[in-house]
Amino acid sequence: MAAEEGVGTTATFRRVYETLKAELLHDSAFDFNEDAVQWLDGMLDYNVLGGKLNRGLAVIESYKLLKAGSEPSEDEVFLACILGWGIEWLQAYFLVLDDIMDNSQTRRGKPCWYRVPKVGLIAINDGLILRSQISRIFKRYFYGKTYYVDLLDLFNEVEFKTTSGELLDQITTNEGKKDLSKYTADNYRRIVEYKTAYYSFYLPVNIYKIVFTYCKVACALLLSGWNLDDYVQTTHILVEMGVYFQIQDDYLDCFGDPEVMGKIGTDIEDYKCSWLFVQALARVNEKQKCILFENYGKSDPACAEKVKALYKELNLEMVFSQYERETYENLTSDIEAQPNEAVQAVLKSFLHKIYRRRK
C-alpha cells in the first residue's frame with residue numbers, strides 16, 4: 001500500500017513539473033522565440049528532471065507527516081509539490097555551475113550539461129536562468145501568502161551561504177595543494193562547523209545536501225504554518241545529519257560503485273580535504289605518510305590506486321562502519337528526545353533513508 005502511494009505521489013509530482021515548465025516556456029514577461037523555447041525545454045528536462053527527485057518528494061512526505069492525521073487537500077499537496085520543485089530547481093542551478101568549476105565529466109550517469117555538444121559555456125547562463133525561474137514560480141503561486149517573504153528569505157539565505165561555501169572550498173583546496181598536512185582533523189571539523197553555522201560547504205557536490213536536508217523540512221514547516229524559530233534543535237539535528245551525509249559521500253567517492261552512484265569519484269585526484277584523508281593522516285606511520293603525500297592530488301590513476309590501497313591497509317572501511325553505526329545511534333537518540341511526534345517522524349524518515357546508503 002505504501003509503495004502504491006509512493007508511486008502515486010511521484011506521478012503527481014512529475015505532473016506538476018510539466019505544468020510549471022509549460023508556464024515558464026510561455027512566460028509573458030519575455031518574448032521567447034521558438035529556438036529559445038526548444039532550448040529551455042531540453043535544458044530543463046536534462047537538469048531539473050534528470051535526478052532521483054528525492055529532495056523534492058521529501059517536502060511532500062514531510063508535509064503529510066507534519067499534518068499528523070489530517071489528510072492534506074489537493075490544493076495543499078499541489079503547493080507542497082511546487083515547493084519541492086523549487087528545491088529541485090535550486091539544486092539544478094548549483095550543479096550546472098558546480099560541474100563547470102570542477103571540470104567534471106559526468107553527472108547522474110550522463111555528461112555534465114556543459115559537456116553536451118553545442119552547450120559549452122552557455123551552461124553558465126542556463127544556470128542563472130534556472131535560479132531566476134524559482135522566483136517566477138514562487139511569485140505565481142505564493143505571492144500574498146503569509147509565509148511568502150519567509151519563503152523567499154529562506155531560499156535567498158540558502159543561496160548566499162552555499163555560494164559562500166564554494167569560496168571556502170576553493171580556498172581550502174588551494175591551501176591543501178601547498179601543504180597537505182593542513183588537512184587535519186581539527187581543520188576538517190572547522191570546515192564542517194562552517195557548514196553547520198553558515199550552511200556553506202567545502203565540497204561542492206555536498207553543498208546542497210546539508211542545505212536541502214534543512215530546506216525541505218523548513219519548506220514543509222512554513223507550509224504548515226509553523227515558526228522556524230521554534231525548531232532550533234531540529235535544525236541542529238538536521239545539520240548533524242547532513243555532516244553524516246557528507247562523510248558518507250567522502251567514503252563512497254573512494255569505495256562506492258560508480259555504476260550505482262552515476263559518477264566517478266575524484267576526491268583523491270582533486271586534492272579534496274576528504275574525511276578519508278584526515279582519518280588516514282591520523283593513523284599513518286612515516287613510510288605510509290610518504291606514500292600518501294607523494295600520490296595524493298595526482299591525476300595519474302596509478303597514484304589514486306596507491307592511495308586507495310593505503311586506505312584499505314589502514315582499515316578505513318571498518319573505521320567508517322563504526323562511525324556510521326555510532327552516528328546513527330546518536331542521531332536516533334536526539335530525534336527521540338524531540339517533544340513533537342510529527343517532527344520526530346519527519347526526522348526519522350530522513351535518517352532511515354540515508355543510513356547505510358550506497359549512492
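Atoms considered below: every heavy atom in the structure, side chains included; atoms not considered: hydrogens, waters and symmetry mates.
- The minimum heavy-atom distance between A92 and V48, with the atom names listed, is CB-CG2, 3.9 Å.
- Relative orientation of the F78 and Y141 rings is perpendicular, given thresholds of 30° and 60° on the angle between their planes.
- Distance alone, capped at 3.5 Å, is enough to place a donor-acceptor pair between the Q248 side chain and the I354 backbone.
- The side-chain heavy atoms of D126 and N47, taken from C-beta on, include no pair separated by under 4.5 Å.
- Atom NZ of K359 is separated from atom CD of E259 by 12.0 Å, given to the nearest 0.5 angstrom.
- Taking OG1 of T9 as the reference point, atom CG of L53 lies at 12.5 Å (rounded to 0.5 Å).
- Across T12 and C81, no two heavy atoms sit closer than the pair CG2-SG, 4.2 Å.
- For R14 against W85, the heavy-atom pair with the smallest separation is CA-CZ2, 4.3 Å.
- Atom CG of D31 sits in a sparse spot, with 12 or fewer heavy atoms from other residues, nucleotides or ligands closer than 6.0 Å.
- In terms of modelled atom types and a separation under 3.5 Å, the side chain of Q344 and the main chain of Q338 share a donor-acceptor contact.
- In terms of modelled atom types and a separation under 3.5 Å, the side chain of Q288 and the main chain of N285 share a donor-acceptor contact.
- A distance-only check finds a donor-acceptor pair linking the side chain of N295 to the backbone of I291 [under 3.5 Å].
- Residue I100 comes nearest to A123 through the heavy atom pair CD1-CB, 3.9 Å, listed as atom of the first residue, atom of the second, then distance.
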For a side-chain contact (heavy atoms from CB on, under 4.5 Å) check, start with the C-alpha distance between L40 and L24, then their side-chain angles and the critical distance, and finish with the verdict. CA-CA 9 Å; L40 289 173; L24 290 168; over 6 Å; no
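- The cluster map of Ile, Leu, Val, Met, Phe, Trp and Tyr, joined by side-chain heavy atoms under 4.5 Å apart, puts Y143 and L20 in the same cluster.
- Going from atom OH of Y46 over to atom CZ of R107 covers 11.5 Å, rounded to the nearest 0.5 Å.
- Remark: E341 CD is loosely packed, at most 12 non-hydrogen atoms of other residues, nucleotides or ligands lying under 6.0 Å away.
- Taking a 6.0 Å sphere around CZ of R358, one finds it holds more than 12 heavy atoms contributed by other residues, nucleotides or ligands.
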Side chain to side chain donor-acceptor pair (under 3.5 Å) assessment of E159 paired with Y93: CA-CA 10 Å; E159 181 183 15; Y93 154 60; 2.8 Å; yes
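- S73 places a side-chain N or O within donor-acceptor distance of the main-chain N or O of E76, the cut-off being under 3.5 Å.
- Under the 4.5 Å side-chain criterion, counting only non-hydrogen atoms from C-beta, L130 is in contact with L44.
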Determine whether D179 and S181 satisfy the following criterion, side chain to side chain donor-acceptor pair (under 3.5 Å), listing intermediate values before the conclusion. CA-CA 5 Å; D179 183 4; S181 65; 2.5 Å; yes
Evaluation steps, side-chain contact (heavy atoms from CB on, under 4.5 Å), between Y328 and L351: CA-CA 8 Å; Y328 178 81; L351 182 56; 3.8 Å; yes
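- Side-chain contact between E61 and L57 is absent, with no heavy atoms from C-beta onward closer than 4.5 Å.
- Using the six-membered ring where Trp is involved, F255 and Y251 have ring planes that are tilted, between 30° and 60° apart.
- In this structure a side-chain-to-backbone donor-acceptor pair under 3.5 Å is missing from R357 to K353.
- Other residues, nucleotides and ligands place more than 12 heavy atoms under 6.0 Å from the CZ atom of R108.
- Note on F30: it clusters hydrophobically with W89, by side-chain heavy-atom contacts below 4.5 Å among ILVMFWY residues.
- Note that CD1 of I335 and CG of N330 are 11.0 Å apart. Values are rounded to the nearest 0.5 Å.
- Rounding to the nearest 0.5 angstrom, the gap separating the CG atom in L347 from the OG1 atom in T332 is 10.5 Å.
- L331 places none of its side-chain heavy atoms less than 4.5 Å from the side chain of Y355.
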Assess whether side-chain contact (heavy atoms from CB on, under 4.5 Å) is satisfied between Y114 and N103, documenting all intermediate values. CA-CA 9 Å; Y114 82 102; N103 196 32; 3.3 Å; yes
Would K298 and K306 satisfy side-chain contact (heavy atoms from CB on, under 4.5 Å), going step by step from the backbone distance to the final call? CA-CA 11 Å; K298 305 295 190 299; K306 289 181 181 179; over 6 Å; no
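- Contact record, L292 with A280: CD2-CB, 4.3 Å, taken as the closest heavy-atom pair.
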Going through the distances and angles, do D249 and K272 end up as a salt bridge (Lys or Arg N to Asp or Glu O under 4.0 Å)? CA-CA 12 Å; D249 248 34; K272 292 300 181 182; over 6 Å; no
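- Two residues are said to be in side-chain contact when any heavy atoms from C-beta on lie closer than 4.5 Å; M43 and V119 fail this criterion.
- A cation-pi arrangement is found for K289 relative to F293, the charged atom lying closer than 6.0 Å to the ring centre and inside a 45° cone about the ring normal.
- For the pair K145 and F138, the cation-pi criterion (under 6.0 Å, within 45° of the ring axis) is not fulfilled.
- Under the 4.5 Å side-chain heavy-atom criterion for grouping Ile, Leu, Val, Met, Phe, Trp and Tyr, F94 is connected to L121 within one hydrophobic cluster.
- Checked for salt-bridge contact, D99 and R115 miss the test: no charged N lies under 4.0 Å from a carboxylate O.
- Side-chain atoms of N156 come within 3.5 Å of backbone atoms of L152 as a donor-acceptor pair (strictly under, hydrogens ignored).
- For the residue pair Y244 / E324, a side-chain donor-acceptor distance below 3.5 Å is found, with atom types taken as modelled.
- L97 contributes atom CG, which lies 12.0 Å from atom CZ of R131 (distance to the nearest 0.5 angstrom).
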Test Y148 against F142 for ring pair (Phe, Tyr, Trp, His ring centres under 6.0 Å), laying out the working first. CA-CA 6 Å; Y148 179 60; F142 297 108; 7.6 Å; no
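- Residue F277 comes nearest to L180 through the heavy atom pair CE2-O, 3.6 Å, listed as atom of the first residue, atom of the second, then distance.
- Applying the side chain to side chain contact (heavy atoms under 4.5 Å, CB included) test between L276 and each of L316, L314, I247, D267 identifies L316 as the sole match.
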Apply ring pair (Phe, Tyr, Trp, His ring centres under 6.0 Å) to the pair Y183 and Y271, showing each step before the final yes or no. CA-CA 10 Å; Y183 285 176; Y271 273 107; 7.9 Å; no
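- In this structure, W275 and F320 have perpendicular ring planes: the angle between them is above 60°, well past the 30° mark.
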